[in-house]
Amino acid sequence: MTTEALALPRSRAGGRIAAGIAQSKAVAVLAIVALIVLAWYAAVYPMNADLPSMPKEVPFAERFAAAYALDRPVLPAPHQVIAELWKTTVETRATSPRSLLFHGWVTLSSTLVGFALGSLLGIVLAIGIVSVKPLEKSLLPWIIASQTIPILAVAPIVIVVLGSIGLTGLVPKAIISMYLCFFPVTIGMVKGFTSPDTMQLDLMRTYSASGLQTFAKLRWPASVPFLFASLKVAVAISLVGAIVGELPTGAQAGLGARLLSGSYYGQTVQIWSALFASSILASGLVLAVALIERVTMRLMGARP
Amino acid sequence: MSAVAAPLAPPAASITARTLVATAATVAGMAAVATLAHRPGVAGNAPVWFWALVVALWIAAWGVNDRLTRLPLASGPSARARDVAVPVLFGLTCFFLWEVVCLGFGVPTVLMPPPSAILAKLAVSQATLVADFRQTFVRSVVPGWLLGSALGFAVALLADRVPFLRRGLLPLGNFVSALPVIGIAPIMVMWFGFDWHSKVAVVVVMTFFPMLVNTVAGLEAAGRLERDLMRSYAASWGTTLLKLRLPAALPFVFNGLKINSTLALIGAIVAEFFGTPIVGMGFRISTEVGRMQLDMVWAEIVVAAVAGTLFYGLIAMAERAATFWHPSYRRRRAA
């Protein structure tokens with residue numbers, strides 16, 4: 001205790017800048033990312049050392065360098081993944097099936113369609129649940145219970161059943177995405193629609209506002225923050241749905257197909273680049289929703 | 001929502017009795033019509049009167065459910081029974097419609113098998129289902145879930161000790177939870193082989209970050225006042241952790257465990273799409289779908305759903321036992 005109290009003034013006088021840097025979130029995140037990248041680089045050689053494709057009976061330095069430039073490594077080095085990303089996005093025509101932009105677009109389009117449909121369905125269900133009492137009592141428990149089951153296991157059925165009646169490509173994947181992402185929207189919006197408190201509802205009552213007016217002027221605006229919070233979750237799992245939806249069709253197009261064909265042919269660099277691409281896509285989508293949220297909230301008069 | 005209770009003309013007891021009789025009649029009717037749908041004259045090309053019966057039952061079920069919701073039950077066991085009965089009746093109606101539509105229109109089983117066929121398949125192929133369950137749930141999901149959650153918890157404790165780590169790890173953990181982590185499945189299958197080891201690895205990675213983020217948030221949950229009190233007792237970090245902050249973090253930890261229970265099942269099943277020995281729920285789903293044996297796929301999904309719900313329920317029960325003091329359990333009664 002006492003030493004701490006004595007030490008306080010010195011640290012205040014001394015490295016205030018150093019302390020400021022250490023307190024910064026960005027610095028901490030960057031430091032940890034740097035650590036991860038370093039650990040990754042350090043792991044590449046030991047992971048790849050026993051591969052038959054490694055050069056034999058050469059000096060250690062050569063073996064060491066070779067581990068970072070293998071064609072099908074167990075663990076590719078980060079720069080190999082980035083080079084592959086660059087090659088398959090910038091240096092390849094976007095229409096070619098070798099381009100990650102092509103595959104990314106295939107996945108993105110079904111993600112967006114599924115996200116839009118799922119959000120719409122989620123909002124409609126939430127409106128039904130808050131306005132029709134029997135629906136709340138009978139539907140809500142099922143919706144909550146369905147959160148506990150691995151819904152993604154249904155994905156192959158949707159793909160195959162719709163495929164056998166002639167629906168292939170975007171629609172089945174969008175349906176899986178829709179199915180996955182309406183849950184968080186429904187739950188969030190039920191919370192949002194019921195978030196106005198008794199005082200506010202009573203005020204609407206003294207205005208003799210109809211149910212529709214209360215909904216339009218009070219419940220709907222009050223639910224917007226909840227809507228965006230659940231949309232951010234929904235868009236991320238919508239992408240997961242689209243990727244998993246691409247698996248059972250046997251690797252035709254899309255980021256999921258890249259993952260699958262990479263694992264068929266042992267193309268680790270391709271798997272990693274598809275993984276990176278889908279992560280970039282996911283963060284881009286969440287960022288886009290966050291951006292729309294900020295603009296909407298500002299337009300609605302929220303103070304930052 | 002509204003504090004005004006509607007005035008009731010007849011005594012509440014007779015209304016309750018009438019609703020209960022109507023409920024029983026509707027359920028019996030659904031059972032009868034579902035049996036009727038299996039008759040050779042009805043299955044495949046059901047006559048108009050059959051569909052009229054189905055629609056009438058549907059409307060009856062809806063009406064009964066509406067009545068049940070409106071029953072003037074204040075609280076206690078009868079209200080609790082009602083809160084169970086309403087969703088069960090709704091689910092029964094959905095399964096009834098699924099059954100009669102599949103049978104009445106003669107929907108080919110390669111498109112959509114009726115629930116009765118799925119149940120029959122469940123009974124017939126128990127041995128396969130049990131083997132798949134053992135491979136996926138017992139060997140992959142549970143160890144992966146335990147390991148991933150324990151790792152996340154341990155790193156969260158470490159991050160709590162090292163503030164720099166916490167500032168760096170928390171935004172990263174939030175970021176990773178938005179990523180399609182399931183994509184690491186092919187890599188893990190390549191590294192750890194086709195058997196359960198690779199599935200455990202996928203589950204560990206998937207469950208690590210939610211647990212980390214939840215535990216770190218939970219460790220912040222203890223109030224300022226309580227912490228000051230611990231400080232005035234000159235309690236060490238370990239004592240404060242054990243006596244104050246971990247108990248306060250328990251609801252968050254359980255939240256992480258619950259989220260992870262679903263994630264673990266999804267992770268293990270999807271990882272099996274990338275390669276398995278010839279057993280496992282994900283393997284069975286992907287191969288039987290290829291052979292158009294949809295009743296087997298649905299049977300597997302039923303097993304997964306029951307396992308997932310039980311898993312979740314067990315965690316929820318443990319939570320209730322461990323955090324009985326938490327306001328949400330006291331408030332839930334009133335709400």
Side-chain angles (χ1 to χ4, degrees), chain A residues 1 22-25 27-33 47 74-75 133-134 136-142 145-154 156-157 159-161 164-165 194 201 232-233 236 239-240 243-244 247-248 255-256 259-260 262-263 266 268 271-272 274-275 278-279 281-283 286, chain B residues 1 62 65-66 68-70 83 86-87 89-91 94 110-112 164-169 171-172 175 177-180 182-187 189-191 234 258 261-262 265-266 269-270 273-275 281-282 285-286 289-290 292 294 297-298 300-301 304-306 308-309 311-313:
Chain A
M1 277 300 132
Q23 301 267 297
S24 153
K25 214 182 230 177
V27 173
V29 172
L30 282 179
I32 286 180
V33 170
M47 291 282 284
V74 173
L75 176 67
K133 187 84 175 155
E136 179 205 333
K137 288 272 180 192
S138 43
L139 199 56
L140 206 54
W142 284 97
S146 67
Q147 296 272 49
T148 67
I149 67 171
I151 321 161
L152 223 46
V154 186
I157 297 192
I159 298 285
V160 167
V161 166
S164 67
I165 58 171
T194 50
L201 286 168
K232 275 186 235 166
V233 179
L239 180 66
V240 175
I243 290 175
V244 174
L247 299 180
L255 292 174
L259 286 176
L260 195 63
S263 92
T268 27
I271 300 180
W272 280 94
L275 192 57
S278 43
S279 304
L281 203 56
S283 32
V286 176
Chain B
M1 216 153 283
W62 180 259
N65 234 353
D66 188 47
L68 273 176
T69 347
R70 278 163 213 249
D83 285 349
V86 169
L89 188 60
F90 179 81
C94 288
V110 291
L111 281 186
M112 184 64 106
F164 185 75
L165 208 58
R166 182 177 59 219
R167 274 196 299 278
L169 271 180
L172 270 183
F175 174 72
S177 63
L179 301 183
I182 192 74
I184 60 151
I187 297 164
V189 170
M190 215 168 265
W191 284 0
K258 281 192 211 159
S261 71
T262 319
L265 252 176
I266 288 178
I269 289 178
V270 174
F273 292 169
F274 286 99
M281 292 157 96
I285 287 172
S286 57
V289 130
M292 297 304 256
L294 281 199
V297 181
W298 279 107
E300 205 69 65
I301 285 171
V306 170
T309 313
F311 194 18
Y312 191 94

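All chains are named by letter (A, B, ...) in the order of the sequence lines, taking the proteins before the strands, and each is independently numbered beginning at 1. What you see is a predicted model; the values in this text were computed from it and never measured. Reckoned from all heavy atoms, side chains included, excluding hydrogens, waters and symmetry mates.
For B/Leu169, the parts lying near chain A are the backbone and the side chain together; criterion is any non-hydrogen pair under 4.5 Å. Only the side chain of B/Ile269 comes within contact range of chain A, with heavy atoms under 4.5 Å apart. Heavy atoms closer than 4.5 Å to chain A are found in the side chain of B/Phe175, but not in its backbone. For A/Val244, the part lying near chain B is the side chain, with the backbone staying farther off; criterion is any non-hydrogen pair under 4.5 Å. Proximity to chain B (any heavy atom under 4.5 Å) is restricted, for A/Leu239, to the side chain, taken from C-beta onward. Contacts of B/Leu165 with chain A are made by both backbone and side-chain atoms, with heavy-atom separations under 4.5 Å. Of the two parts of B/Met281, neither the backbone nor the side chain holds a non-hydrogen atom closer than 4.5 Å to a non-hydrogen atom of chain A. Contact of A/Val233 with chain B is not made at all, since no heavy-atom distance falls under 4.5 Å.
Remark: B/Val289 engages A/Pro156, A/Ile157, A/Val160, B/Leu294, B/Val297 in a side chain to side chain contact (heavy atoms under 4.5 Å, CB included) (not counting sequence neighbours). Looking at residues two or more places apart in sequence or on another chain, you find no side chain to side chain contact (heavy atoms under 4.5 Å, CB included) involving B/Ser177.
The shortest heavy-atom contact between B/Phe90 and A/Ser138 is CB-CB, 3.4 Å. Minimum heavy-atom separation, A/Val29 to B/Arg167: CG2-O, 3.9 Å.
Note: A/Ser279 leads A/Gly262, A/Ser279, A/Pro141 in heavy-atom pairs under 4.5 Å with chain B. Counting heavy-atom pairs under 4.5 Å between each of B/Ser286, B/Pro186, B/Ala185 and chain A puts B/Pro186 at the top. Contact count against chain B (heavy-atom pairs under 4.5 Å) is highest for A/Val74 among A/Val240, A/Val74, A/Leu75, A/Val286. Contact count against chain A (heavy-atom pairs under 4.5 Å) is highest for B/Gly168 among B/Gly168, B/Ser261, B/Gly183.
Distance CD1/B/Ile187 to CG/A/Leu275: 5.0 Å, rounded to 0.5 Å. Atom CG in A/Leu259 sits 13.5 Å away from atom CZ in B/Phe273 (nearest 0.5 Å).
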